**Q** 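Handing you a structure now.
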Amino acid sequence: MNYKGKADTLECLESLRWLTYPNWLAVLVDNASADGCPEAVRESFPETVVIESQENLGFTGGNNIGITAALERGAEYIFLLNNDTTVHPSLLGWLVSALVMNPRLGIVGPTMFFYDEPLKVWSTGGKMDARGQSILLTEGEAPEFIVGAGLMTPRSVLEQIGAFDDQFFLYYEESDLCARAKEAGWGIASVTPAALWHKVSKATGLDSPLTVYYMRRNQLLYLQKRENKAGLRAAFLDGLRLLLVWTIKRNPRRAALRQALSDFRAGRLGRQTVQS
């Protein structure tokens, strides 16, 4: 999926050309980027299916369009891949083999390295603490979720549990997908030999108001969907305490945090509506 990242997308697609797995198809969803990416991809990578959304549907909506398109074309496995990544040629082979060897696995992912530090592991999946805060794993610990930058699942899983929940729009959607898979009896695993390199949080920024808004609001939504009342209460109080500190210190991100808490309480989910 592309959102105003033409150069990254072209580099990602170039890395896919070296994949050794014999049968795959790339589907690119452009999320109303207006950056010339669809035209550039059609010119340089004519084998790629390009779908142009007329509006920005977020990580959830954009990927759901791609998932539907791939399933309609008969795909047995769906591999969701961020456009700000490059992949090892053997990646697909390792992931598919893991799913074939263990039919109870529902979602798998590769070892994800930092693009700028190619030998340093960024993520082998993640887990949740009691308050719904995600913790990335970098070693052999079994993950509770796979990061959406590179996530593979069979069509049978998606047909059973559905695709991403559009209420999230951005962030926590992959954690929710993995939780729903686990609740349906599927396993989650990291496939260590499979590898990709990720330009971490290039699109939104690690500490941007956009990230603060969706991470805080969707943390609460994730806990609500799990019916974790104690965790939800604790996470909301944590948000209020942080808002007080940021207000006193005039942190420029305080408005995003305030809106995240307010929107969650009011049931305003999906894409953020900027409030005056």
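Index from 1, following the sequence. Note that the structure is predicted; figures quoted are calculated from it, not measured. When reading the values below, keep in mind they use all heavy atoms of this one structure, side chains included, and skip hydrogens, waters and symmetry mates.
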**Q** To the nearest 0.5 Å, what is the distance between CD on Q219 and CE on M128?
**A** 8.0 Å
**Q** Quick check: does any side chain N or O of S33 sit under 3.5 Å from a backbone N or O of D35, one acting as donor and the other as acceptor?
**A** no
**Q** Can you tell me if CZ on R250 sees more than 12 non-hydrogen neighbours from other groups inside 6.0 Å?
**A**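 Counting neighbours around CZ of R250, 12 or fewer heavy atoms of other residues, nucleotides or ligands fall under 6.0 Å, so no.
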**Q** Under 3.5 Å, side chain of E144 to main-chain N/O of G126, donor-acceptor pair present?
**A**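 Looks like no, no N/O pair under 3.5 Å.
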**Q** Please check: side-chain N/O of R42 versus main-chain N/O of E47, any donor-acceptor pairing under 3.5 Å?
**A** no
**Q** State which residue, out of T138, V147, L196, fulfils the side chain to side chain contact (heavy atoms under 4.5 Å, CB included) condition with W122.
**A**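 Going through T138, V147, L196 one by one, the side chain to side chain contact (heavy atoms under 4.5 Å, CB included) with W122 is satisfied by V147 alone.
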**Q** Nearest 0.5 Å please: distance from the OG1 atom of T48 over to the CG atom of L13.
**A** 4.5 Å
**Q** Following the transitive rule for hydrophobic clusters with a side-chain heavy-atom cut-off under 4.5 Å over Ile, Leu, Val, Met, Phe, Trp and Tyr, establish whether M215 and L136 coincide in one cluster.
**A** yes
**Q** Mark yes or no for whether T60, through its side chain, and F164, through its backbone, hold a donor-acceptor pair below 3.5 Å.
**A**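 No, the answer is negative, given that no donor and acceptor are paired below the 3.5 Å cut-off.
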**Q** Are K225 and E183 close enough for a salt bridge, meaning some N to O gap below 4.0 Å?
**A** no
**Q** May I ask you to say whether K199 pairs ionically with D84, meaning some side-chain N is under 4.0 Å from a carboxylate O?
**A**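 No, K199 and D84 are not salt-bridged.
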**Q** I'd like to know whether CG of N23 has more than 12 heavy-atom contacts from other residues, nucleotides or ligands below 6.0 angstrom.
**A**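 Not more than 12 within 6.0 Å, no.
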**Q** Is a salt bridge present between E11 and K6, judged by a nitrogen-to-oxygen distance below 4.0 Å?
**A** no
**Q** So does A260 get a backbone contact from the side chain of R216, meaning a donor-acceptor N/O pair under 3.5 Å?
**A**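 Such a contact is absent between R216 side chain and A260 backbone.
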**Q** Kindly say whether G58 contributes a backbone atom to a donor-acceptor pair with the side chain of N31 at under 3.5 angstrom?
**A**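 Yes: the side chain of N31 pairs with the backbone of G58.
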**Q** Mark yes or no for whether T68, through its side chain, and N64, through its backbone, hold a donor-acceptor pair below 3.5 Å.
**A**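 The answer is yes, because a donor-acceptor pair under 3.5 Å joins these two groups.
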**Q** Determine the interplanar angle of the F169 and Y214 rings, folded into 0 to 90°, and report it as parallel if under 30°, tilted if 30 to 60°, perpendicular if over 60°.
**A** parallel
**Q** For the pair Y222 and Y172, name the ring-plane relationship: parallel under 30°, tilted 30 to 60°, perpendicular over 60°.
**A** tilted
**Q** State whether a side-chain donor-acceptor pair under 3.5 Å links N83 with D8.
**A**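 The criterion, which ignores hydrogens and geometry beyond distance, is not satisfied for D8 and N83.
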**Q** Keeping W197 on the side-chain end and P118 on the backbone end, is there a donor-acceptor pair under 3.5 Å?
**A**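 Here the side-chain-to-backbone pair exists.
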**Q** Under 6.0 Å from the CH2 atom of W18, do we count more than 12 heavy atoms belonging to anything else shown?
**A** no
